[in-house]
Amino acid sequence: MTDGLLVIGGGPAGASAAIAAARAGHQVRLVERTAAPSEPVCGQFLGPDATIALARLGLHPADLGAVPIDRLTLAHGRTQARVRLPFTGWSLPRSVLDAALLEKAATAGATISRGRAVRAVARDGEAWRVRLDDGAELQARQVVLASGKHGLRGFARPAGGSVGVKLHLRLAAPLDATVLLPGSGFYAGLQPGPDGLANLCAAFAHTPPRDAADFLARVAAASALGARLLAGAVPAQARPGAIGGVPYGWMFAGPEDGVFRIGDQFAVVPSFCGDGVAMALTAGLALADGLATGPAAFHAALRRRLARPMRWAAPTAALFAHAPGLLVRAAALLPGGVRRVAAGARVRLVG
Ligand SMILES: Cc1cc2nc3c(=O)[nH]c(=O)nc-3n(C[C@H](O)[C@H](O)[C@H](O)COP(=O)(O)OP(=O)(O)OC[C@H]3O[C@@H](n4cnc5c(N)ncnc54)[C@H](O)[C@@H]3O)c2cc1C
């Protein structure tokens with residue numbers, strides 16, 4: 001049987017594309033390699049653009065149990081800065097978000113195949129032949145690559161050097177803000193989450209932590225606040241999740257091959273400096289219209305929309321990496337500047 005549209009990956013990009021395309025009347029199949037909701041490496045912060053995009057998809061973070069976030073604290077060494085954000089963000093575990101999106105996609109009429117991974121995609125005349133890990137073969141008229149942090153053979157992104165690491169943990173004391181904790185060779189974000197489970201997530205430029213204890217020790221050593229917040233913290237997982245080769249700052253620039261790319265398979269914004277999930281959702285929403293124009297025109301339009309948030313993210317990420325002390329001192333002296341950076345980094349793709 002030939003599907004109209006085959007979406008590879010059921011993260012925010014793939015699921016939102018499946019919802020929008022199915023609602024627009026396309027016959028959609030989505031293949032997601034995990035068999036059940038999982039926790040990918042992600043800071044789980046949703047900004048206002050993600051909230052707007054989710055509303056268009058019929059979801060609201062509060063209804064999913066997300067924790068509202070309206071304060072940001074930055075700390076390095078003995079210096080810290082605390083500011084009120086110019087918007088309310090949300091902290092929501094990705095397992096909850098991704099499951100809710102896939103449920104919406106199924107309700108919209110998409111066929112969801114879970115627990116199966118796409119291994120190869122090849123052109124077959126006017127259609128595409130898609131081979132799965134169980135040996136099954138599917139055919140589709142159009143293919144969307146939304147496999148996020150994971151590459152697909154034949155559609156490689158350049159590999160970056162960064163390693164993303166994530167750990168859910170119970171803190172000894174309650175947390176009421178997102179806390180950014182840059183250190184030597186990494187920057188970390190700590191967020192409160194539902195059910196008292198905080199999320200510690202970090203981007204390491206090189207040498208990721210060996211285990212949960214090493215992760216907590218390295219973040220705690222970078223600031224007095226980090227040490228205080230993480231004292232007595234109990235990891236909820238035996239090992240932190242990790243993802244290597246993250247190509248921060250990369251954006252797809254061709255060559256075109258007839259496949260639509262969305263989410264992290266189109267552009268990878270530096271963590272904590274931009275809204276990766278909002279970018280993924282917005283690209284997914286835009287895909288329903290893009291199907292009529294073809295991949296090249298769709299990608300060109302997406303490139304124009306993403307250029308601004310990608311530009312904003314680059315200098316902030318460089319400061320995190322190379323001058324974290326300067327960044328936190330500047331934030332302490334100029335809290336209005338932090339609010340402007342937070343507002344400027346907004347995707348503003350929707351709404
Ligand atoms: C350290 C770190 C922290 C971050 N923090 C935040 C944050 O706080 N807020 C934010 O907005 N963004 C954050 N991001 C970015 C965000 O995680 C991504 O931008 C977002 O997940 C992209 O969505 P996606 O759907 O493109 O990819 P993903 O979320 O990676 O989803 C891809 C899906 O495809 C599936 N898949 C992969 N390969 C195959 C295959 N071959 N066949 C079938 N299925 C497949 C995977 O299982 C997965 O479910 C962070 C990223 C990192 C690395």
Side-chain angles (χ1 to χ4, degrees), residues 41-43 45 47 72-83 85 149 157-167 177-191 199-210 214-230 240 242-251 253 264 267-276 279 306-347:
V41 173
C42 184
F45 180 83
L72 173 72
T73 303
L74 292 102
H76 183 73
R78 306 228 143 257
T79 313
Q80 55 176 281
R82 187 170 161 90
V83 295
L85 287 166
K149 301 166 179 77
R157 296 178 309 188
S162 296
V163 183
V165 182
K166 158 173 176 152
L167 185 66
T178 284
V179 186
L180 294 182
L181 300 162
S184 168
F186 72 86
Y187 52 89
L190 179 65
Q191 292 220 87
N199 186 37
L200 178 65
C201 191
F204 283 81
H206 37 75
T207 334
R210 287 184 307 278
D214 187 31
F215 187 18
L216 295 178
R218 280 167 72 176
V219 177
S223 66
L225 181 66
R228 185 157 59 74
L229 292 174
L230 295 177
I243 181 87
V246 185
Y248 285 132
W250 170 83
M251 180 143 61
D264 277 8
V268 184
V269 72
S271 305
F272 313 118
C273 306
D275 280 340
M279 287 167 56
L306 295 184
R308 186 171 172 276
M310 292 296 278
R311 258 200 318 271
W312 266 95
T316 317
L319 274 172
F320 267 129
H322 303 296
L326 181 68
L327 181 78
V328 177
R329 276 198 301 279
L333 289 171
L334 302 164
V338 178
R339 281 193 292 273
R340 282 186 65 162
V341 171
R346 277 192 56 187
V347 180

Does the side chain of [X] reach to within under 4.5 Å of the side chain of [Y], using non-hydrogen atoms?
X	Y	answer
P309	V269	no
L200	L216	yes
Y187	P324	no
H76	T79	no
L85	T178	no
K149	V246	no
V328	P182	yes
F204	F215	yes

Atom [atom1] in [X], atom [atom2] in [Y]: separation rounded to 0.5 Å?
X	Y	atom1	atom2	answer
Q191	L72	CD	CG	9.5 Å
M310	Y248	CE	OH	11.5 Å
T316	L180	OG1	CG	10.5 Å
L230	S223	CG	OG	8.0 Å

> For the residue pair V165 and P208, what are the closest heavy atoms and their distance?
Replying inline: CG2-CB, 4.3 Å

>> Which heavy atom of A159 sits nearest to which heavy atom of P247, and what is that distance?
In response: C-CB, 4.4 Å

Say whether, by atom type as modelled, one donor and one acceptor occur between the side chain of [X] and the main chain of [Y] under 3.5 angstrom.
X	Y	result
Q80	T73	no
R157	D264	yes
N199	C42	yes

>> Evaluate L190 against V219 for side chain to side chain contact (heavy atoms under 4.5 Å, CB included), listing each step before the verdict.
In response: CA-CA 10 Å; L190 179 65; V219 177; over 6 Å; no

